Amino acid sequence: MMTTDPTHLAAKIREIPDFPKPGVVFKDITPLMQDPQAFREVIDRVVEHFKGARIDQVLGIESRGFIFGAAIAYALGAGFVPVRKAGKLPAPTHSCEYALEYGTDVLEIHCDAVRPGERVLIIDDVLATGGTAAAVLELVRKLEGEVAGFSFLIELSFLSGRDKLQGHETYSVLRY
Ligand code: AMP
């Protein structure tokens, strides 16, 4: 049964201090995925939110975005598109470089992954500074897709990542 208050799901997220580096509190979602009811509830909440949004493709961001994205795509009756780190996709790609705390990283998408005008939903586990999600927004623009929304299991509100996604529906199951 899905209640309106999702805070019981927060109990399934393990916090690992100083991982992968000092000062970061890593949100480990593996206990939540391991719990059959909790995993289903997260998927159901996102699907409920976007079921009327005519989603054509769900874009999952490597790698935890694949786990939720594929299940959400199945439930919405949409396709699934992987957005991957540089050099992993075999066919021609578009790429987008984005800033990390130290240095930069690159995300790629197949050039034919989204057709012009297709409506896409972008999925990741955590929204932190929003740099990763904004890079995917840029990739979808290159393909002339229409961003119908973003969804995250966890939003770290104090990092204001949502500000980088202004003008787009952004739904987070849990906010800190
Ligand atoms: P950002 O680009 O800053 O929004 O960071 C988002 C990406 O980094 C996502 O793919 C997350 O999986 C990962 N990430 C950032 N901060 C955390 C955190 N505190 N715990 C777990 N994953 C994180």
Side-chain angles (χ1 to χ4, degrees), residues 6-35 38-39 41-43 45-46 49-50 57-73 80-89 93-110 113-114 120-142 145 147-176:
T7 47
H8 59 285
L9 295 173
K12 297 283 171 189
I13 290 159
R14 181 162 54 191
E15 303 206 331
I16 313 284
D18 300 319
F19 183 89
K21 58 185 179 199
V24 175
V25 180
F26 191 85
K27 303 282 189 194
D28 176 18
I29 59 166
T30 61
L32 182 144
M33 295 190 301
Q34 203 181 334
D35 181 294
F39 184 66
E41 184 177 335
V42 167
I43 303 302
R45 283 179 183 272
V46 178
H49 192 87
F50 286 100
Q57 300 292 341
V58 173
L59 269 58
I61 306 176
E62 186 170 1
S63 61
R64 279 161 286 167
F66 292 175
I67 297 160
F68 295 101
I72 291 163
F80 177 80
V81 171
V83 176
R84 301 208 64 182
K85 305 277 167 61
K88 302 276 189 180
L89 288 169
T93 57
H94 285 299
S95 57
C96 184
E97 191 172 324
Y98 63 104
L100 298 172
E101 199 178 345
Y102 301 102
T104 60
D105 212 344
V106 174
L107 283 175
E108 295 184 337
I109 192 168
H110 274 149
V114 175
V120 309
L121 172 61
I122 297 163
I123 302 289
D124 205 354
D125 63 335
V126 176
L127 174 64
T129 66
T132 307
V136 179
L137 185 57
E138 188 57 39
L139 290 174
V140 176
R141 284 202 182 117
K142 284 184 185 174
V147 175
F150 290 86
S151 192
F152 305 92
L153 168 54
I154 297 166
E155 176 175 351
L156 304 178
S157 309
F158 53 92
L159 294 174
S160 307
R162 181 177 280 271
D163 294 353
K164 293 201 178 75
L165 311 179
Q166 260 174 24
H168 298 284
E169 175 65 17
T170 299
Y171 171 68
S172 310
V173 178
L174 294 167
R175 290 199 202 179
Y176 292 81

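Hydrogens, waters and symmetry mates play no part in the numbers below; they use all other heavy atoms, side chains included. Whatever order the structure lists ligands and atoms in, that order sets their numbers, starting from 1. Each residue takes its place number in the sequence, starting with 1. This structure is a prediction, so every number in the text was calculated from the model and none was measured.
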(request) Among all protein heavy atoms, pick out the one at the shortest distance from atom 13 (C) of ligand 1; state its residue, atom name and that distance to 0.1 Å. (result) Arg64 NH2, 4.4 Å

(message) Please confirm whether Leu156 approaches ligand 1 to less than 4.0 Å, judged on its heavy atoms.
(response) yes

(message) Are any of the N/O atoms on Phe26, whether in the backbone or the side chain, positioned under 3.5 angstrom from an N/O atom of ligand 1?
(response) no

(message) For the CG atom of Leu32 and the NZ atom of Lys27, what is their distance to the nearest 0.5 Å?
(response) 12.5 Å

(request) Could you tell me whether some N/O pair between Ala133 and ligand 1 is separated by less than 3.5 angstrom? (result) no

(request) May I ask you to check if ligand 1 and Lys27 share an N or O to N or O distance below 3.5 Å? (result) yes

(request) Please state whether Gly130 comes within less than 4.0 angstrom of ligand 1, counting heavy atoms only. (result) yes

(message) Does any part of the side chain of Val58, heavy atoms only, come nearer than 4.5 Å to the side chain of Val120, both counted from C-beta?
(response) no

(message) Give me the atom names and distance for the closest heavy-atom approach of Tyr171 to Val46.
(response) CE2-CA, 3.9 Å

(request) Indicate whether atom 4 (O) of ligand 1 is within a distance of less than 4.0 angstrom of some protein heavy atom. (result) yes

(request) Give the residue, atom name and distance (to 0.1 Å) of the protein heavy atom nearest atom 17 (C) of ligand 1. (result) Val126 CG1, 4.0 Å

(request) Looking only at protein heavy atoms, identify the closest one to atom 10 (O) of ligand 1 and say how far it is in Å. (result) Asp124 OD2, 2.7 Å

(message) If the cut-off is 4.0 Å to any non-hydrogen atom of Thr129, which atoms of ligand 1 fall inside it?
(response) 1 (P), 2 (O), 3 (O), 4 (O)

(message) To the nearest 0.5 Å, what is the distance between CG on Leu127 and CD1 on Ile122?
(response) 11.5 Å

(message) Considering non-hydrogen atoms of the protein only, which is the closest contact for atom 11 (C) of ligand 1, and what is the distance?
(response) Asp125 OD1, 3.5 Å

(message) Under a 4.0 angstrom heavy-atom cut-off, which atoms of ligand 1 come close to Gly131?
(response) 2 (O), 4 (O)

(request) Report yes or no: does Val25 have a heavy atom closer than 4.0 Å to ligand 1? (result) yes

(request) Can you measure from CG (Leu59) to CG (Asp124) and round to the nearest 0.5 angstrom? (result) 11.0 Å

(message) Would the distance check show the side chain of Glu108 and the main-chain N or O of Gly87 forming a donor-acceptor pair, the cut-off being under 3.5 Å?
(response) yes

(message) If I take atom CG from residue Leu107 and atom NZ from residue Lys88, how far apart are they, to the nearest 0.5 angstrom?
(response) 12.0 Å

(message) Measuring from atom CD1 of Ile123 to atom CD1 of Ile72, what distance do you get when rounded to the nearest 0.5 angstrom?
(response) 3.5 Å

(request) Using the ring of Phe26 (Phe, Tyr or Trp, six-membered ring only), decide whether Lys21 places NZ or CZ under 6.0 Å from its centre and within 45 degrees of its axis. (result) no

(request) Considering heavy atoms of the protein only, find what lies nearest to atom 7 (C) of ligand 1 and give residue, atom and distance to 0.1 Å. (result) Thr132 OG1, 3.8 Å

(message) Are Phe39 and Phe68 an aromatic pair, judged by ring center distance below 6.0 Å?
(response) yes

(request) Write out the residue and atom name of the closest protein heavy atom to atom 15 (C) of ligand 1, then the distance separating them to 0.1 Å. (result) Ala128 CB, 3.7 Å

